[in-house]
Amino acid sequence: MQANSTEEDLEIRAQAEQLKRGIQAVVPENGLEDKLALSKREKRPLRIKLGLDPTAPDIHLGFAVVLRKLRQFQDMGHQVVIIIGDYTALIGDPSGRSATRPMLSAEEIKKNAETYVDQLARILQRERTEVRFNGEWLGKLDFAEVVKLAAHMTVAQVLQRDDFANRFGAHQPISLHELLYPLAQAYDSVAIRADIEMGGQDQTFNILAGRDLQREMGQAPQAAMFMPLLVGLDGHKKMSKSLGNYVGISEDPVVMFSKIMSLSDEAMKEYFVLCTDVPLDEVEMLLAESTTGRTNPRDVKRRLAKEIVTIYHGDAPSVAADDEWMRVHSAGEVPQDMPVMGYDAAISKAGTVWVCKLLVTVGLATGTGEARRLVQQGAVSVNGEKVPSSEWEPQAGELDGTVLKVGAKRYVKLQRNSQH
RNA sequence: GGGGAGAUACCCGAGUGGCCAAAGGGGAUUGACUGUAAAUCAAUUGCGGAAUGCUUCCGAGGUUCGAAUCCUCGUCUCCCCA
C-alpha cells in the first residue's frame with residue numbers, strides 16, 4: 001500500500017512537471033499537484049476550463065500555446081471544457097484593452113464560434129472536448145440573481161485590475177457593464193464545476209474571481225494556470241492579428257516558415273519552450289551554441305521554424321518549406337510559388353503599361369502616389385531588373401510572364417489575359 | 001442636477017485667425033548594412049499620371065478676404081461638486 005502511494009506520488013509529480021513547461025504561474029502554488037491527486041483519488045478526469053471570446057476567430061501560435069497545454073491534459077485522460085463566451089461577448093472582455101470593446105451581434109458571435117470550433121480540432125482531441133456556450137446559464141439568470149451575484153464583488157476589487165486601473169487613471173471611459181465581465185466569467189466556472197482554469201496573465205483577475213465565487217457557492221475552488229502571452233514576431237508586443245505580428249496555425253507552410261524566420265532572436269527561447277516539444281535541455285544547448293558563434297543563429301531559428309511547421313503540417317511540407325526558404329533567401333532565387341496576377345486593367349489605350357498603375361492593379365500599392373514613391377526608392381524590379389523611373393511605361397506585351405517584385409519579399413507573376 | 005476640461009492624420013501629441021497637408025514621437029513602408037533577426041543610418045508616410053491641383057483637424061451651420069484655430073447648435077468623453 002505504502003509503496004503504491006509513493007509510486008502514484010511520483011507519477012503525479014512527473015505529470016505536473018510536464019504540464020508546467022512554459023507555465024507562468026499556478027495558483028495556489030501546488031494546486032496542480034493537488035488536483036491531479038484528487039483526480040486519482042476520485043477516479044475521474046479533471047475538468048479543465050478555457051473560456052473563449054468569440055471575437056477574433058483565427059487561431060495563431062500565441063493562442064495555440066494554451067490549446068497545446070490543454071491537449072497535454074487530454075493526453076493524460078482529462079476533460080477539456082471550452083466555453084464560448086457568447087453572452088460575455090455581449091459585454092466584450094475589457095482585459096488588456098485600453099478601450100471599450102464593441103459589442104458583437106448574435107450572428108457574428110455564432111459565425112465566429114463555428115470557425116473557432118473547427119480550428120480547435122486541429123489541436124484538441126474531439127472526444128475529450130466539451131464545447132459549451134455560456135448563454136446556456138447566463139441567459140437564464142434574472143435580474144435579481146445578477147444583483148445577488150454582483151454583491152459578491154466590490155468595485156474596489158474590480159478596479160484593482162490593471163486595465164481598469166489604467167483606464168480609470170488615464171481618464172478613459174469605463175462602462176458599467178464592463179465591470180460585470182469578471183463576474184460572468186467567474187460564474188462560468190461555477191456552472192461547469194471547473195477543476196482548473198487556463199488563461200493568459202491578462203485573465204488573472206477573472207480567473208481568481210472564479211475561485212472566490214466557487215468557494216462562496218460551496219464548490220472547491222478551481223486551480224488557476226497562467227500561460228505567458230507569446231510575444232509576436234516583433235519580439236515586443238503580444239502576438240495578435242490586429243498588430244500583424246502573428247503566425248496563424250492554418251497558414252501555408254512556406255508562409256509560416258518564413259514568418260518564423262523573421263522572428264527576433266531574443267524571442268527564440270520563448271518560442272522553443274511554448275510552441276514546440278523540443279526538450280528543454282536541448283533548447284538550452286542550441287541557444288548556447290548560437291550565442292557563442294558555434295552555430296549561426298539563423299540555423300537555430302531554422303530548426304525552430306521546422307519544428308513548428310511540422311506540428312501543424314507534418315514532416316515533408318516542413319522540410320520543403322525550409323528548402324524553399326533557403327533557395328529564395330540564401331541563394332537569392334525567385335520563389336516557386338507566387339500569386340499570378342492579370343494586368344490587363346493597367347493597359348492604356350496606347351497599349352502600354354505605366355508601372356505605377358501596374359503596381360496598383362496588381363495590389364502591391366494602394367495608390368499611384370505610393371507606387372511612385374516605391375519606384376523612386378528603388379523598391380520595384382521586373383525580372384530582377386530595377387525599374388529606373390516612376391514614368392517607366394513599357395509595351396503591354398513585354399510584361400507577360402515576368403516577375404514583378406516590390407521590396408524584399410513581395411513577388412507577383414504577371415499574366416496577360418487577353419489581347420487588345 | 002451644477003461647474004470645469006477636452007475631441008487634430010494608424011496611435012500619442014503640438015498648433016489658439018494667414019508663414020498649416022498641419023511640429024515632434026511611436027508605428028509602418030523603402031533603401032544601406034545583415035542571418036529577410038536585432039541595432040544603426042537615410043528616405044517616405046492624406047489623395048493625386050504631380051499641378052501655383054484636390055479633400056482634411058468630432059458633426060452641422062455661421063463670422064471673416066481668409067478658420068484646425070472665433071461664434072452657435074449637436075454628438076461623444078473626462079474631472080470636480082451634489
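Keep in mind that what you see is a predicted model, and the values were worked out from it rather than measured. Chain naming here is simple, since letters A, B, ... match the order of the sequence lines and numbering starts at 1 in each.
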Starting from [atom2] on [N], measure out to [atom1] on [X] and report it in whole angstrom.
{"X": "R302(A)", "N": "rA37(B)", "atom1": "CZ", "atom2": "P", "value": "15 Å"}
{"X": "K237(A)", "N": "rC10(B)", "atom1": "NZ", "atom2": "P", "value": "17 Å"}
{"X": "L304(A)", "N": "rG35(B)", "atom1": "CG", "atom2": "C1'", "value": "15 Å"}
{"X": "Q376(A)", "N": "rA50(B)", "atom1": "CD", "atom2": "P", "value": "13 Å"}
{"X": "K405(A)", "N": "rU30(B)", "atom1": "NZ", "atom2": "P", "value": "11 Å"}
{"X": "L233(A)", "N": "rA38(B)", "atom1": "CG", "atom2": "P", "value": "10 Å"}

Nearest-0.5 Å distance that lies between atom [atom1] in [X] and atom [atom2] in [Y]:
{"X": "Y246(A)", "Y": "M239(A)", "atom1": "OH", "atom2": "CE", "answer": "10.0 Å"}
{"X": "T88(A)", "Y": "Y181(A)", "atom1": "OG1", "atom2": "OH", "answer": "4.5 Å"}
{"X": "M225(A)", "Y": "I196(A)", "atom1": "CE", "atom2": "CD1", "answer": "6.5 Å"}
{"X": "Q222(A)", "Y": "D188(A)", "atom1": "CD", "atom2": "CG", "answer": "10.0 Å"}

Any salt bridge (Lys or Arg N to Asp or Glu O under 4.0 Å) pairs touching residues 288-301 of chain A, not counting sequence neighbours?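 The answer is D265(A)-K301(A), E289(A)-R294(A), D299(A)-R302(A).
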Show, in sequence, the C-alpha distance, side-chain angles and deciding distance for D75(A) and Q72(A), and conclude whether the side-chain hydrogen bond (donor to acceptor under 3.5 Å, both in side chains) test is met. CA-CA 5 Å; D75(A) 290 342; Q72(A) 276 187 315; over 6 Å; no
Span that lies between the C1' atom of rC10(B) and that of rG46(B), in whole angstrom: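 Nearest-Å result for rG46(B) against rC10(B) at atom C1': 12 Å.
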Using the C1' atom as the reference point in each nucleotide, state the distance between rC54(B) and rA5(B) in Å, no decimals.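 So the two C1' atoms sit 36 Å from each other.
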Students often get this wrong, so: under 4.0 angstrom with heavy atoms, is G407(A) touching a base, only sugar-phosphate, or nothing?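 Sugar-phosphate: the residue G407(A), judged by heavy atoms under 4.0 Å, touches backbone atoms but no base.
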Just checking S330(A): base, sugar-phosphate only, or nothing, at a heavy-atom cut-off of under 4.0 Å?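 Result for S330(A) = nothing.
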Name the pairing partner of [N], where a pair is Watson-Crick or G-U wobble with both distances under 3.5 Å, or state none.
{"N": "rA42(B)", "answer": "rU30(B)"}
{"N": "rA23(B)", "answer": "none"}
{"N": "rG17(B)", "answer": "none"}
{"N": "rA7(B)", "answer": "rU75(B)"}
{"N": "rG48(B)", "answer": "none"}
{"N": "rG66(B)", "answer": "none"}

N/O-N/O pairs, protein side and nucleotides 42-44 of chain B side, under 3.5 Å:
from: rA43(B); atom 1: N3; to: Q377(A); atom 2: OE1; distance (Å): 3.3
from: rU44(B); atom 1: O2'; to: R373(A); atom 2: NE; distance (Å): 2.8

5'-most contact on RNA chain B: K301(A) or W354(A), nearest heavy atom basis?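 Going by which nucleotide is closer to the 5' end, it is K301(A).
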If you find the nucleotide of RNA chain B closest to V353(A) and the one closest to A408(A), which residue's nucleotide is nearer the 5' end?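 By nearest-heavy-atom nucleotide position, the 5'-most residue is A408(A).
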RNA chain B contacts among residues 263-273 of chain A, heavy-atom distance under 4.0 Å: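 Within this stretch, L263(A), S264(A), D265(A) sit under 4.0 Å of the strand.
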Pick from L358(A), L404(A), V403(A): which one makes a side chain to side chain contact (heavy atoms under 4.5 Å, CB included) with V382(A)?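 Among the candidates, only L404(A) passes.
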Cation-pi check, K111(A) onto Y116(A) ring (under 6.0 Å, within 45° of axis):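 No cation-pi geometry.
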Is it the case that rA37(B) (base atoms only) and R298(A) (side chain only) share a donor and an acceptor within less than 3.5 Å, ignoring hydrogens and angles?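 Per atom types, no contact qualifies.
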Specify whether H78(A) and F73(A) have parallel, tilted or perpendicular ring planes, treating 30° as the upper limit for parallel and 60° as the lower limit for perpendicular.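 Perpendicular: the ring planes of H78(A) and F73(A) meet at over 60°.
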Can you see which heavy atom on D400(A) is nearest to which on Q415(A), and at what distance?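 D400(A) and Q415(A) have their closest heavy atoms at OD1-CA, 3.5 Å.
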